[in-house]
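Step one of this worksheet: look at the structure below.
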2 protein chains.
Amino acid sequence: RETYRGLSPAEFFYRNKEIAGFSNPARALYQTIRELVENALDATELHGILPDIKIFVDVVDPGKNIVKVRVEDNGIGVPKEEVPKVFGMVFYGSKYKIRQSRGVFGLGVKMAVLYAQITTGKPVYVKSSTIDSKEIYEFEVMIDVINNRPIVLSHRSYRKDNQWHGTVVELTIEGNWSYAKKRIEEYIKRTALITPYANIYFKGPDIELAFTRATRRIPKPPREGLPHPKGVDIEMLKQMIAMTEENLSLRDFLIKYFDGVGKISAETFLKWAGFNPEQSIKTLTLEQLDELARKMREYSGWKRPKDISLSPLGEELLRRGIEEVLKPEFIATVTRKPSSYIGNPFVVETAIAWGGKIPPSEKPILYRFANKIPLLYDEGADVTRKIVDSIDWSVYKVKFPAPLLVVVHICSTKIPFKGVGKEAIAEVPELEEEIEAALRECARKLRMYITKKEKELELALK
Amino acid sequence: RETYRGLSPAEFFYRNKEIAGFSNPARALYQTIRELVENALDATELHGILPDIKIFVDVVDPGKNIVKVRVEDNGIGVPKEEVPKVFGMVFYGSKYKIRQSRGVFGLGVKMAVLYAQITTGKPVYVKSSTIDSKEIYEFEVMIDVINNRPIVLSHRSYRKDNQWHGTVVELTIEGNWSYAKKRIEEYIKRTALITPYANIYFKGPDIELAFTRATRRIPKPPREGLPHPKGVDIEMLKQMIAMTEENLSLRDFLIKYFDGVGKISAETFLKWAGFNPEQSIKTLTLEQLDELARKMREYSGWKRPKDISLSPLGEELLRRGIEEVLKPEFIATVTRKPSSYIGNPFVVETAIAWGGKIPPSEKPILYRFANKIPLLYDEGADVTRKIVDSIDWSVYKVKFPAPLLVVVHICSTKIPFKGVGKEAIAEVPELEEEIEAALRECARKLRMYITKKEKELELALK
Ligand SMILES: Nc1ncnc2c1ncn2[C@@H]1O[C@H](COP(=O)(O)OP(=O)(O)OP(=O)(O)O)[C@@H](O)[C@H]1O
Ligand SMILES: Nc1ncnc2c1ncn2[C@@H]1O[C@H](COP(=O)(O)OP(=O)(O)OP(=O)(O)O)[C@@H](O)[C@H]1O
Ligand SMILES: [Mg+2]
Ligand SMILES: [Mg+2]
């Protein structure tokens with residue numbers, strides 16, 4: 001009497017779009033812009049290209065809240081044969097790897113395409129060309145929601161007679177510009193703060209923002225890494241063994257497929273774990289796989305995860321970005337050494353800015369960033385806010401109200417986001433320790449500055 | 001140079017299980033239990049069956065935190081041919097309809113099965129029989145993660161020689177009982193509170209809870225409803241028109257497929273919207289569909305959504321449940337009339353309990369429920385906590401610390417959950433209004449009680 005059915009991923013997110021941040025026309029406009037901007041910045045910066053990003057928002061029908069959003073970048077472009085799926089298939093992308101990037105789910109732009117399709121019936125317009133392509137191509141794509149497949153409404157290509165490479169994405173959605181304007185402006189400003197090597201131009205219905213790059217120095221792009229033994233599980237082992245054609249020995253399997261495992265460490269571990277290093281991986285039983293995964297997680301002798309897969313901003317760029325956008329009286333910055341949780345490497349960078357254009361407030365203003373994405377919502381559910389509030393700032397000579405702004409940037413190959421809308425970060429103990437340690441390092445520098453200013457004031461008063 | 005790939009939904013949730021609440025062994029044990037219990041209660045109560053639910057938690061290997069979870073119910077069972085997909089395919093289920101139920105995503109039990117597979121490599125064990133089935137069947141199922149398909153490891157069936165119907169689900173997972181125990185106990189207690197017509201038996205490693213039903217009265221099960229015109233979008237119209245074989249007129253299409261639309265209201269609306277009621281739906285252009293969807297959402301003359309698809313507890317059962325579990329000195333209850341947001345009907349029921357076994361606290365203790373599911377996490381991100389904190393309780397003669405407990409239960413065909421882990425509810429204005437109105441109604445009754453007690457005290461002192 002019950003009827004049973006399945007849903008495609010596209011249909012699931014069509015029915016539950018608020019879970020991805022598309023809950024109302026104001027929030028949806030914000031989310032559409034950020035999904036496109038984050039894709040544009042990944043397409044440039046992950047490949048060592050200085051980003052030139054342009055964002056255009058036009059209200060095409062004020063009575064119906066119809067808004068056109070267009071984002072242009074000078075990135076690596078989307079290969080022609082990949083355009084339909086990249087824009088028209090949920091859970092499809094190029095960021096399913098062990099490498100720091102803004103995108104992680106293979107869902108973002110599809111949510112925006114879906115939202116446009118739902119609210120205006122219009123396809124996404126894409127124009128792109130890769131660096132080595134001889135042509136420029138244009139597509140109009142919609143999503144076949146029932147089947148989670150792209151529908152190409154139109155496409156054309158023509159010879160490229162210049163060196164252009166990059167992507168243009170244009171969407172027409174129901175969006176509430178006046179309600180969303182403040183947050184969008186804040187998002188653009190904070191993006192400029194965390195990417196001081198990017199040119200970012202934003203043209204909205206009643207506002208124009210232009211951030212010229214403060215430096216041509218760009219962080220070293222992250223490189224794809226291998227999984228770390230600390231993060232292994234039995235399902236992962238099964239899949240990896242099924243995917244290897246060769247019947248490797250346990251030792252060679254560990255060396256080849258895991259981060260930072262050499263011949264000596266593999267053999268030391270296997271002897272400790274009670275395994276024969278020569279055993280062929282295809283002969284492992286389920287019980288042995290379970291035991292192997294468990295022992296790999298438990299072993300404390302592994303090298304810490306490499307950080308080649310990370311790309312922190314670094315203290316100098318963090319300082320430049322904050323100076324450009326906030327012009328404070330004082331800045332303290334800290335970029336911590338890499339740490340890790342369950343085999344996922346991460347770096348915490350923090351800054352404290354004081355005075356200048358920062359308005360006084362009753363508790364520290366907090367700017368949160370994850371993999372260079374500004375997080376503006378759900379602050380109350382974010383681990384970083386919890387830590388900032390748990391610090392007794394009077395120890396550092398801060399009396400509220402104070403012109404105190406705290407910047408926290410977490411880089412990782414796996415940011416523990418609480419939801420697919422990427423707004424709040426979960427409480428991971430290793431992360432909490434690092435955030436607090438970094439903040440206190442900055443706070444001590446602030447205290448030295450406040451002490452110095454107090455002394456100068458005393459001298460001036462004599 | 002970038003490599004592109006897609007993920008199946010199973011692989012997506014394998015990689016991002018923390019987004020569904022499976023973030024660590026303690027939380028995962030809690031989530032596993034609740035996913036199974038919520039399925040068991042849906043399988044009984046949605047069909048008018050008085051629930052008999054048994055939950056068993058055993059620590060099978062304390063050193064490795066391996067825990068076995070078993071849930072038994074007397075529900076409608078799972079049809080034999082549906083067992084593999086229902087337990088082995090993400091986004092598959094029987095609750096993708098317009099009808100109040102605890103389950104909504106077609107994901108819950110699969111997350112638990114996936115988590116067991118990842119942490120112990122063990123399949124889910126299922127035993128079931130539907131009411132009219134002549135046999136009982138047992139299955140062991142795992143998920144083919146890459147392809148999002150079930151793998152049936154074993155199955156057997158045998159003749160049923162009694163009237164048994166229902167389901168047994170057993171999973172072996174890595175779970176931290178000692179860390180999760182307190183929350184699990186609270187979850188079971190609150191489940192008993194909100195379902196006073198259920199027998200709930202819980203046996204854990206060092207604890208046994210038995211809640212015998214306080215009444216045989218059960219809320220009228222919800223009936224499947226039709227979509228309401230206020231909630232329509234162009235994608236929905238396209239899909240509905242594509243699925244209808246007959247080339248209906250616009251008027252007949254509205255009458256047949258939408259909630260509460262009769263001949264007169266359909267014609268009145270279509271004339272107001274500038275459409276010809278006789279136009280065949282298959283001849284509508286994209287522009288017309290867009291206009292039709294827009295006008296359907298805008299029109300203020302629709303009947304309010306029917307509430308046959310809802311199943312609130314009602315004031316009497318809410319009172320019984322609170323009395324049984326909390327034994328307070330005073331209870332005020334309110335079940336509001338149905339309301340709606342974007343065409344989704346909802347009912348808010350609240351209760352205020354005072355004194356008795358309720359401990360005094362600095363602000364009201366809050367028990368949140370959504371479709372009879374207790375919500376225990378992310379209170380800071382929930383709209384209900386925000387409203388409870390925004391009320392000035394001194395107006396109702398409450399001085400803190402006070403033994404004040406607030407119960408808020410929201411029933412809807414679409415609960416605006418913030419995430420697939422179902423822990424916090426988003427800020428929907430229509431919902432906020434109703435929650436506040438209901439709480440103030442209860443608070444006024446509390447004030448009368450407090451006033452009466454003050455008078456009694458005065459008389460006693462004379
Ligand atoms: N502007 C762009 N330039 C180049 N490639 C792009 C661009 N936008 C999207 N892509 C490609 O499309 C893929 C899918 O994008 P989408 O936003 O849906 O997912 P994602 O960025 O991988 O992850 P997330 O869901 O977290 O955003 C990306 O992985 C990338 O390969
Ligand atoms: N104990 C049970 N008795 C009968 N049917 C069940 C039982 N458990 C699960 N099912 C069936 O399996 C389906 C899938 O369950 P699952 O928990 O994955 O999703 P859901 O309950 O529909 O939604 P949600 O993801 O929100 O829990 C259910 O819709 C129901 O049809
Ligand atoms: Mg993206
Ligand atoms: Mg369920």
Side-chain angles (χ1 to χ4, degrees), chain A residues 1-9 11-12 14-16 18-19 23 46-47 64 76 79 82 85-86 89 91-97 104-107 114 117-121 145-146 233-236 238-239 286-287 289-290 293-294 378 380-381 414 416-421 424 426 428, chain B residues 1-9 11-12 14-16 18-19 23 46-47 64 76 79 82 85-86 89 91-97 104-107 114 117-121 145-146 233-236 238-239 286-287 289-290 293-294 378 380-381 414 416-421 424 426 428:
Chain A
R1 212 163 94 263
E2 284 286 280
T3 53
Y4 299 78
R5 65 167 290 208
L7 294 185
S8 80
E11 185 152 16
F12 178 81
Y14 161 64
R15 291 161 155 262
N16 298 293
E18 65 285 344
I19 278 185
S23 34
L46 285 182
H47 305 279
K64 298 179 185 171
I76 56 160
E82 295 289 351
K85 293 212 213 102
V86 139
M89 184 167 156
F91 296 154
Y92 192 86
S94 62
K95 296 168 200 163
Y96 293 134
K97 4 180 105 102
V104 286
F105 298 127
L107 172 67
L114 201 46
Q117 194 166 317
I118 291 167
T119 57
T120 65
V145 172
I146 298 282
D233 60 65
I234 192 171
E235 183 69 23
M236 187 193 293
K238 276 195 202 167
Q239 283 183 23
L286 188 65
E287 285 70 23
L289 279 178
D290 182 77
R294 194 169 304 286
D378 290 357
K414 178 144 176 74
F417 284 117
K418 283 185 148 187
V420 294
V428 170
Chain B
R1 213 162 95 263
E2 284 286 279
T3 52
Y4 300 77
R5 64 167 291 211
L7 293 186
S8 80
E11 186 152 17
F12 177 82
Y14 161 63
R15 290 161 154 261
N16 298 294
E18 66 285 344
I19 279 185
S23 34
L46 286 181
H47 305 278
K64 298 179 185 174
I76 56 160
E82 294 290 351
K85 293 212 212 100
V86 138
M89 185 169 157
F91 295 154
Y92 192 85
S94 62
K95 298 168 200 166
Y96 293 133
K97 2 181 107 107
V104 287
F105 296 128
L107 172 68
L114 202 46
Q117 194 165 315
I118 291 168
T119 56
T120 66
V145 172
I146 298 283
D233 60 65
I234 190 170
E235 183 68 26
M236 188 193 294
K238 276 195 204 166
Q239 283 184 25
L286 188 64
E287 285 69 22
L289 279 178
D290 182 78
R294 194 169 303 288
D378 289 358
K414 179 146 176 76
F417 284 118
K418 282 185 150 186
V420 294
V428 170

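Side chains included, hydrogens not; waters and symmetry mates left out as well; all remaining heavy atoms used.
If you tally non-hydrogen atom pairs under 4.5 Å between each of B/G121, B/S23, B/G380 and chain A, the highest count goes to B/G121. Ranked by heavy-atom pairs shorter than 4.5 Å toward chain A, the options B/D233, B/N16, B/L114, B/L46 are led by B/D233. Ranked by heavy-atom pairs under 4.5 Å with chain A, the list B/I146, B/V86, B/D378, B/V428 is led by B/I146. Between chain B and the residues A/L7, A/I19, A/V420, the largest count of heavy-atom pairs under 4.5 Å involves A/L7. By number of non-hydrogen pairs under 4.5 angstrom with chain A, the leading residue of B/G421, B/P416, B/S8, B/P79 is B/P79. The choice from A/A381, A/A293, A/G93, A/A424 that makes the most heavy-atom pairs within less than 4.5 Å of chain B is A/G93.
By the side-chain contact (heavy atoms from CB on, under 4.5 Å) test, B/K85 is found to be paired with B/M89, B/Y92, B/P150, residues two or more places apart in sequence or in another chain being considered. For A/D290, the side-chain contact (heavy atoms from CB on, under 4.5 Å) test picks out A/I234, A/R294, with sequence neighbours left out.
Only the side chain of A/F12 has a heavy atom closer than 4.5 Å to any heavy atom of chain B. Looking at A/F105, both its backbone and its side chain come within 4.5 Å of chain B, counting heavy atoms on both sides. For a residue to count as touching a neighbouring chain, one of its non-hydrogen atoms must lie under 4.5 Å from one of that chain's; by this rule A/V104 does not touch chain B. If you measure heavy-atom distances from A/Q117 to chain B, the contacts under 4.5 Å come from both the backbone and the side chain. With a 4.5 angstrom heavy-atom cutoff, B/Q239 touches chain A only via side-chain atoms. Only the side chain of B/L286 comes within contact range of chain A, with at least one heavy atom under 4.5 Å from a heavy atom of that chain. Both the backbone and the side chain of A/R15 come within contact range of chain B, each with at least one heavy atom under 4.5 Å from a heavy atom of that chain. For A/I76, the part lying under 4.5 angstrom from a heavy atom of chain B is the side chain only. Only the backbone of A/T119 comes within contact range of chain B, with heavy atoms under 4.5 Å apart. Contacts of B/A426 with chain A are absent, with no heavy-atom separation under 4.5 Å from either backbone or side chain.
Rounded to the nearest 0.5 Å, atoms CE (B/M236) and CD1 (A/I118) are 9.0 Å apart. Interatomic distance, OG1 of B/T3 versus OH of A/Y96, reported as 12.0 Å (0.5 Å rounding). Summarising the geometry, atom CZ belonging to B/R5 is positioned 12.0 Å from atom OG belonging to A/S94; distances are rounded to the nearest 0.5 Å.
Side-chain contact between B/F91 and A/E11 is absent, with no heavy-atom pair separated by less than 4.5 Å. With a 4.5 Å cut-off on side-chain heavy atoms, B/H47 and A/R1 count as touching.
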Criterion side chain to side chain contact (heavy atoms under 4.5 Å, CB included) on B/E18 and A/K418, from CA distance to verdict: CA-CA 7 Å; B/E18 66 285 344; A/K418 283 185 148 187; over 6 Å; no

